[in-house]
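Worksheet: one structure, shown below.
Side-chain atoms are counted along with the backbone in the values below, which use heavy atoms only and exclude waters and symmetry mates. By convention in this document, chain letters (A, B, ...) are assigned in the order of the sequence lines, proteins followed by strands, and residues within each chain are numbered from 1. This one's a predicted model, so the numbers in the text were calculated from it and none came from an experiment.
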Protein chains: 2
Amino acid sequence: MNEINIKYLAERLKMSPSTVSRALNDSYEISEPTKIKVKALAKELNYQPNPYARSLRNHKSKTIAVIIPERINNFFSQVIDGIEDITQELGYHLLVYNSHEDVEKERKIISFLLNGRVDAIVMSVSSQTSTIDHLEMLHQKDIPLIFFDRICQEIPTTKFITNDYETGYQAAVHLIEGGCKKIFFLLLSKEISIGRERLKGYRQALMDHNLPFAEDWVIQCSQSEEANIQQMTALLYSMERPDGILASVEKLAIATYHAIRKTKLRIPQDLKMVSFSNMRIAELLNPPLTTISQPAYEIGLECAKLLMKKLTRKNQPDLENKVIVLPSKIHIRESSKG
Amino acid sequence: MNEINIKYLAERLKMSPSTVSRALNDSYEISEPTKIKVKALAKELNYQPNPYARSLRNHKSKTIAVIIPERINNFFSQVIDGIEDITQELGYHLLVYNSHEDVEKERKIISFLLNGRVDAIVMSVSSQTSTIDHLEMLHQKDIPLIFFDRICQEIPTTKFITNDYETGYQAAVHLIEGGCKKIFFLLLSKEISIGRERLKGYRQALMDHNLPFAEDWVIQCSQSEEANIQQMTALLYSMERPDGILASVEKLAIATYHAIRKTKLRIPQDLKMVSFSNMRIAELLNPPLTTISQPAYEIGLECAKLLMKKLTRKNQPDLENKVIVLPSKIHIRESSKG
DNA sequence: CTAGTTTACGGAATCGATTGCATGATAAAT
DNA sequence: ATTTATCATGCAATCGATTCCGTAAACTAG
């Protein structure tokens, strides 16, 4: 009824829709006076082109999907902020999906995106993701895909990560230098890339310092906060308890802190801790937690910049199959003091 | 090139596009055998209807916009999780925007949404929002709008909040019972609804307990973390320093904690604190922070349920102009112990 | 057995913006 | 003055799915 579309503008201006369209798009074939008239009316009526008509015609949606495994996590929020800051400037919109660390959900989400709904996807795979046929499908359909943080090596595209191996190594060395002899490593799932890399760094550090190591020092945790606290509590009460803990993801450090509160153990005296985490309030914890923080916002920026280059310029080649590393920083605090 | 659309399916099946469309949509005018044939081929070829063609034709985008003032905030993340859990089930997609507490950004975002891009909007207004013509525009264009948390009373639609007045009152009473005589109230902006309600509750509690009050006990903070820490530090060093603090939003409590670390003040001995916050790790802070936590996930669920009812059923009336209150909970911890 | 009804499907218009092609008008060139 | 080039604009097709309308065939009723 109150539809302000090109046809309506054309009527009011006694021009054809094509002229109006061209004028609004600054086509060289339209005279300056006409352009001015058209734009004036468009502005007056607050005309906004219908995005779906446009997408249908152009085969471009100006929309990007962001898929994250967890929403309640500062890291991912910061990445999305970074992505949004670049893409919004260029008129892109973000569809954000949470895979809840579940491959099946991830699959379902991807299936929503195979039909041109988005021009590209930026994602961090779920910790369960081991089969990748759904990701290959995207590649087949020529939908640009960028991974960050939790990447999938097998898909030939650009991936953004941080120096996980090195910081895993550094963190372990830091604990070793603090006097730890028995350092456990907490991880969510062996499937995630970052877990593996961080684990490798930790292993290497132990080896380089001639420290003992046992397979069961690598603790595989679950998705459930409750279960993790239980598991950690049991571990801390056991004879085998560690004197140092390196948590590969934030939520495991938190679970450990909760567990520690139940025991009478003191950090850092009885147990030192370091965690990969982007919590801004690590400093306010009791005790302040030593963290390795990732340049989350910057990762978002870089993903988006690369994508925008690919999407807004003509004849861009496919996204290069390479891994780009942005360095993380270690923030030493009370929890690991020697 | 590799386009699998209705026309292509029709060709392969030697039927007309209209028949294929009807078959896929389970129209009663199509015979069972035909439906089976069509669906089989559609499945085999993994046909996905083009969402934009559909949106153009139906004037429905199956997309909802969520606008939040801040992304790095557990509360909003939880709300979005709640919204997504309901809407995804019904085939809706979420465009998520961050207004960064900036009305101008908010305006710009809204302008993106006036052209049918979304079927509805769920939002929490920015702390600056005082002019509301952009919100009225949505109403004019008949785009369903639901507010949560930071609402705009003037727009006649449904709003979801928590019992801000009561919990503000409770929190103040709790501090008073702990022995506080000089309780300051921290707020982000007088513009936000929740700040005002919480403030009223606090004021009433002071009055009911015959405690003194001065206008400058209500501290108006800024968006900048740095500036807030500075401001709080100065306040804590001054002669006028409070013995109790009620923070109306999480980030102000955090700024205060940072400030307190610089001084030698002890919580709760020298200063007691309570904050509105959905941080899950309030318990792990030093000292554990007494919080009033909102049912964020549930708020998301309720917003989405109401919206889905409005959007998926026929002849639904406009969203009622009313405020729905979901209760918050107070979690008493160390920071306010008497 | 015919008139009327139902079933099952096809044709074509539609949603709104874009764009290849055509054309009328004006200016420049011969 | 006539031809050619240039410019500004209109017409109509297109993107893919949906749906109003129409109709051949099958079926029912009298």
Could you tell me whether the side chain of A:Phe147 reaches within less than 4.5 Å of the side chain of A:Ile155, counting heavy atoms only?
yes
Residues that [X] engages under side-chain hydrogen bond (donor to acceptor under 3.5 Å, both in side chains), provided they are two or more places apart:
X: A:Asn58; value: none
X: A:Arg71; value: B:Asp81, B:Glu84
X: B:Ser77; value: none

Going by side-chain contact (heavy atoms from CB on, under 4.5 Å), name the residues that satisfy it together with [X], two or more places apart in sequence or in a different chain.
X: A:Ser55; value: A:Ser61, B:Tyr52
X: A:Glu89; value: B:Lys108
X: A:Gln316; value: A:Lys309, A:Lys310, A:Arg313
X: A:Ile121; value: A:Ala65, A:Ile67, A:Leu113, A:Val118, A:Met123, A:Leu138, A:Ile143, A:Leu145

Just report the end-to-end axis angle for the helix from C:dC1-D:dG30 to C:dT30-D:dA1, five pairs per end, to 10 degrees.
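The end axes of the helix from C:dC1-D:dG30 to C:dT30-D:dA1 are about 50° apart, to the nearest 10°.
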Using a cut-off of less than 4.0 Å, is there contact between a side-chain N or O of B:Asn25 and OP1 or OP2 of D:dA17?
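Looking at the OP1 and OP2 atoms of D:dA17, neither is under 4.0 Å from any side-chain N or O of B:Asn25.
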At a heavy-atom distance below 4.0 Å, which nucleotide of DNA chain C is the first touched by chain A, and which is the last?
C:dG16 to C:dG20
NA contact type, A:Arg57, heavy-atom cut-off 4.0 Å: base, sugar-phosphate, or nothing?
base
With distance as the sole test, does B:Ser193 use its side chain to make a donor-acceptor pair with the main-chain N or O of B:Ile151 at under 3.5 Å?
yes
Would you check if there is a donor-acceptor pair between the side chains of A:His134 and A:Glu106 at a distance under 3.5 Å?
yes
If you measure only the distance, is there a donor-acceptor pair under 3.5 Å linking the side chains of A:Asn5 and A:Tyr47?
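No, no side-chain donor-acceptor pair sits under 3.5 Å.
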Using a cutoff of under 3.5 Å, can you pull out all pairs of nitrogen or oxygen atoms linking the protein to nucleotides 9-11 of chain D, with atom names and distances?
unit_1: D:dT9; atom_1: OP1; unit_2: A:Thr34; atom_2: OG1; d: 2.8
unit_1: D:dT9; atom_1: OP2; unit_2: A:Ser31; atom_2: N; d: 3.4
unit_1: D:dT9; atom_1: OP2; unit_2: A:Ser31; atom_2: OG; d: 3.2
unit_1: D:dT9; atom_1: OP2; unit_2: A:Thr34; atom_2: OG1; d: 2.8
unit_1: D:dT9; atom_1: O4; unit_2: A:Glu29; atom_2: OE1; d: 3.4
unit_1: D:dG10; atom_1: OP1; unit_2: A:Ser16; atom_2: N; d: 3.4
unit_1: D:dG10; atom_1: OP2; unit_2: A:Ser16; atom_2: N; d: 2.9
unit_1: D:dG10; atom_1: OP2; unit_2: A:Ser16; atom_2: OG; d: 3.3
unit_1: D:dG10; atom_1: OP2; unit_2: A:Thr19; atom_2: OG1; d: 2.2
unit_1: D:dG10; atom_1: N7; unit_2: A:Arg22; atom_2: NH2; d: 3.4
unit_1: D:dG10; atom_1: O6; unit_2: A:Arg22; atom_2: NH2; d: 2.7
unit_1: D:dC11; atom_1: N4; unit_2: A:Ser18; atom_2: OG; d: 3.0

Enumerate, atom names and distances included, each donor-acceptor pair closer than 3.5 Å involving a side-chain atom of residues 34-41 of chain A, sequence neighbours excluded.
unit_1: A:Thr34; atom_1: OG1; unit_2: A:Ser31; atom_2: OG; d: 2.7
unit_1: A:Lys35; atom_1: NZ; unit_2: A:Ser27; atom_2: O; d: 3.2
unit_1: A:Lys39; atom_1: NZ; unit_2: A:Asp26; atom_2: OD1; d: 3.0
unit_1: A:Lys39; atom_1: NZ; unit_2: A:Asp26; atom_2: OD2; d: 3.3

Identify, between B:Arg54 and A:Glu32, the residue whose nearest nucleotide on DNA chain D lies closer to the 5' end.
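Result of the comparison: A:Glu32.
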Within 6.0 Å of CD in A:Glu320, more than 12 heavy atoms from elsewhere
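At most 12 heavy atoms, drawn from other residues, nucleotides or ligands, come within 6.0 Å of this atom.
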For atom [atom1] of [X] and atom [atom2] of [N], their distance in whole Å:
X: B:Lys7; N: D:dT18; atom1: NZ; atom2: P; answer: 15 Å
X: B:His59; N: D:dT18; atom1: NE2; atom2: C1'; answer: 11 Å
X: B:Lys60; N: D:dT18; atom1: NZ; atom2: P; answer: 12 Å

Can you list, by residue number, the residues of residues 41-53 of chain B that have a non-hydrogen atom closer than 4.0 angstrom to DNA chain D?
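Per residue number, the list reads B:Tyr47, B:Pro49, B:Asn50, B:Ala53.
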